[in-house]
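What follows is one structure encoded as structure tokens, with my remarks underneath.
The analysis underlying the following values was restricted to heavy atoms, covering all of them including side chains, and did not include hydrogens, waters or symmetry mates.
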Amino acid sequence: MSTFKSEFMRTVHARGMVHQCSDAERLDELLATGPRVAYIGFDCTADSLHVGHLLQIMLLRWWQKTGHKPIALMGGGTTKIGDPSGRDETRQLLTDEQIVANMASIKGTFANYLTFGDGATDAVMANNADWLDTLLYIPLLRDVGRHFSVNRMLTMDSVRLRLERDQPLTFLEFNYMILQSYDFVELWKRHLCMVQMGGSDQWGNIVMGADLGRRMAGAELFALTSPLLATSSGAKMGKTAAGAVWLNGSRLSTYDFWQYWRNTEDADVGRFLRLFTELPLEEVARLEALGGAEINEAKKILATEVTGLCHGKVAAAQAAETARQTFEQGTLAADLPTVEIARARLQAGVPAFELFAEAGLADSKGEARRLIKGGGARVNDAAVTSETQPVSLTDTGADGRIKLSAGKKRHALVRAV
RNA sequence: GGAGGGGUGGCCGAGCGGUCAAUGGCAGCUGACUGUAAAUCAGCCGGUUUACACCUACGAAGGUUCGAAUCCUUCCCCCUCCA
């Protein structure tokens, strides 16, 4: 492990970020002798990346931090095909407009993790639509297709698993790995990019790209994948009540993002600190060793560190402070999610179930009613006993706000306007 | 192209003329216990509604019937075998 010569390989291995790597020794040598180029592709299937992508982003960040040049490849072209890896069903086809809009929305995330520019180790953003959109079918078949063995393609997990489970696989999707392979070669030609990284489900696609590069351009290309992430209790990472844990602040507030990490299971704290923060490993070891309730301190550090990288240190500190006031002091924090309700309505009194639904603490009025019936709703920390119990201006605190709580962790403020 | 099987709520998966907003499992929410953890136990888990009730939903559209997720027709999609 620690016998690696290059800082990158030492770091990512020590932090448990590597699942598989092709010819690690040779790659290590190359990395030790000068700046190299690596890329990771991100498909534009949603308008935000989520925590499932975070490990990949951290790989690019370490890549740059240890003296190399990262490329964030936006899958403007491949998203039109849909990666069949790891799924039993064909992805819903997105329109070109959706893809373009998603890409624009995703791009901002990288600015927080990577330094872009024209320097030797500055990050570059590319879009594979730039070369995939204009490909011609016959030349593609002759130049690229002849290097692919269908026999081999059928053994790839993404294909084999579909076939074994009698799930459909369209010819469209069957082509995905060819285009991803082509990307690798194209980036080699354009930027001398010699490494493709990705999640472990991408191993097959990446290795095919490396092979293609060798055949088409005589290039020596490498594959490096990160482990598949699950929480210790086995759940897929990144799911909450509200859905995925998004990286864009417009999809998930900084406070909620911070809370997600704060609520990490005990058993995951050390692992997550290594994977998603840049704290020195000795510090991680110390935090991880904390027992019992003390580990909560480690969770706060984890939350603030991860949030700091994603949303900035100021926003992270603010989220931490909001949480501290809310949970440790039981006071009202200023930047809890806030809804504004017309003064006149509050004057008259708003039924509690309506207010909870409007504040976003319940998805529907029915759910708000159930929440109240189940005893999980509180106004200013006093349990709501009746669904229709009116909440009015008289509930307003000194600072002009009413605090609503759904369960112990979800809070919102109501302000009369 | 021929023959057969199938498309059910976020997912898996029962149901096969009424008692079906649809068994069960997973996921999720709330409560208890705790440390804003896990595990465990309990309740909830389409929408509007105090409620009665109504609306939406079992691939799509029609039809039969007092009544259809369940039967018929057409269409779309998937799987298997044959060509």
Between the protein and nucleotides 44-48 of chain B, list every N/O to N/O distance that falls short of 3.5 Å.
| residue | atom | partner | partner atom | Å |
| --- | --- | --- | --- | --- |
| B:G47 | OP1 | A:Ser364 | OG | 2.8 |
| B:G47 | OP2 | A:Arg370 | NH2 | 2.5 |
| B:U48 | OP1 | A:Lys365 | N | 2.9 |
| B:U48 | OP2 | A:Gly366 | N | 2.9 |

Handout entry: Between B:G47 and B:U56 - P atom distance, rounded Å
Key = 16 Å
Handout entry: B:G1 pairs with, by Watson-Crick or G-U criteria that keep both distances under 3.5 Å
Key = B:C82
Practice task
Establish, with yes or no, whether the OP1 or OP2 oxygen of B:A37 is under 4.0 angstrom from a side-chain nitrogen or oxygen of A:Arg262.
Solution key: no
Fill in the blank from the handout: Whole-Å distance, A:Glu265 CD to B:A39 C1', equals 10 Å
Problem - Sub-6.0 Å ring centroid separation between A:Trp63 and A:Phe8 - result: yes
Exercise for the section: Could you tell me the separation between the CZ atom of A:Phe327 and the P atom of B:U34, rounded to a whole number of Å? Expected result: 18 Å
Problem - Pairwise P distance for B:C77 and B:G25, with rounding to whole Å - result: 36 Å
Problem - Pair A:Asn263, A:Lys299: side-chain N/O donor-acceptor within cut-off below 3.5 Å - result: no
Exercise for the section: Please measure how far the P atom in B:G43 lies from the corresponding atom in B:C26, and state the result in whole Å. Expected result: 14 Å
Exercise for the section: May I ask you to decide if the ring planes of A:Phe272 and A:Phe276 are parallel, tilted or perpendicular, using 30° and 60° as cut-offs? Expected result: perpendicular
Exercise for the section: Pick base, sugar-phosphate or nothing for A:Ala377, based on heavy-atom distances below 4.0 Å to the nucleic acid. Expected result: nothing
Problem - Closest-nucleotide ordering on RNA chain B, the 5'-leading residue of A:Ala406 and A:Trp258 - result: A:Ala406
Handout entry: Pair A:Gln196, A:Gln202: side-chain N/O donor-acceptor within cut-off below 3.5 Å
Key = no
Exercise for the section: Sticking with atom P, work out how far B:U74 lies from B:G1, rounded to a whole angstrom. Expected result: 15 Å
Practice task
Could you work out the separation of B:A22 and B:A69 based on their C1' atoms and round it to a whole Å?
Solution key: 8 Å
Handout entry: Aromatic centroids of A:Trp246 and A:Phe257 separated by under 6.0 Å
Key = no
Handout entry: Output field: ring centroids A:Phe110/A:Phe42 closer than 6.0 Å
Key = yes
Problem - Whole-Å C1' distance, B:A60 and B:G6 - result: 16 Å
Exercise for the section: Identify the nucleotide, in any strand shown, that forms a Watson-Crick or G-U wobble pair with B:G43, with both distances under 3.5 Å; if there is none, say none. Expected result: B:C29
Problem - Nucleotide paired to B:A68 in any strand shown, Watson-Crick or G-U, under 3.5 Å - result: none
Practice task
Please list, by residue number, the residues of residues 379-388 of chain A whose heavy atoms come closer than 4.0 Å to an atom of RNA chain B; answer none if no residue qualifies.
Solution key: none
Problem - A:Gln259 CD to B:U36 P, straight-line distance once rounded to whole Å - result: 11 Å
Problem - Donor-acceptor side-chain pairing of A:Ser226 and A:Gln56 below 3.5 angstrom - result: yes
Handout entry: Inter-nucleotide C1' distance (B:C71, B:U65), Å rounded
Key = 9 Å
Handout entry: Touch class at under 4.0 angstrom, heavy-atom based, for A:Gly375 against every strand present
Key = sugar-phosphate
Practice task
If the plane angle is over 60° it's perpendicular, under 30° parallel, otherwise tilted; pick one for A:Phe174 and A:Phe171.
Solution key: tilted
Exercise for the section: Write down the distance separating the C1' atoms in B:A57 and B:U80, rounded off to the nearest Å. Expected result: 30 Å
Problem - Test item: side-chain donor near acceptor, A:Asp183 and A:Thr78, under 3.5 Å - result: no
Handout entry: Rounded distance (Å) that lies between atom C1' of B:A38 and atom CZ of A:Phe272
Key = 13 Å
Practice task
State whether a side-chain donor-acceptor pair under 3.5 Å links A:Asn248 with A:Thr109.
Solution key: yes
Exercise for the section: Send over the distance from A:Ile295 CD1 to B:A37 P, rounded to a whole Å. Expected result: 13 Å
Exercise for the section: Applying salt bridge (charged side-chain N to carboxylate O under 4.0 Å, His left out), run through A:Asp47 and A:Arg251 and close with a yes or a no. Expected result: CA-CA 9 Å; A:Asp47 64 4; A:Arg251 276 272 197 149; 2.8 Å; yes
Exercise for the section: Please state how far atom NZ in A:Lys373 lies from atom P in B:U49, giving the value in whole angstrom units. Expected result: 12 Å
Handout entry: Spacing between A:Lys408 atom NZ and B:U34 atom P, to the nearest angstrom
Key = 10 Å
Exercise for the section: Could you tell me the separation between the NZ atom of A:Lys409 and the C1' atom of B:U34, rounded to a whole number of Å? Expected result: 11 Å
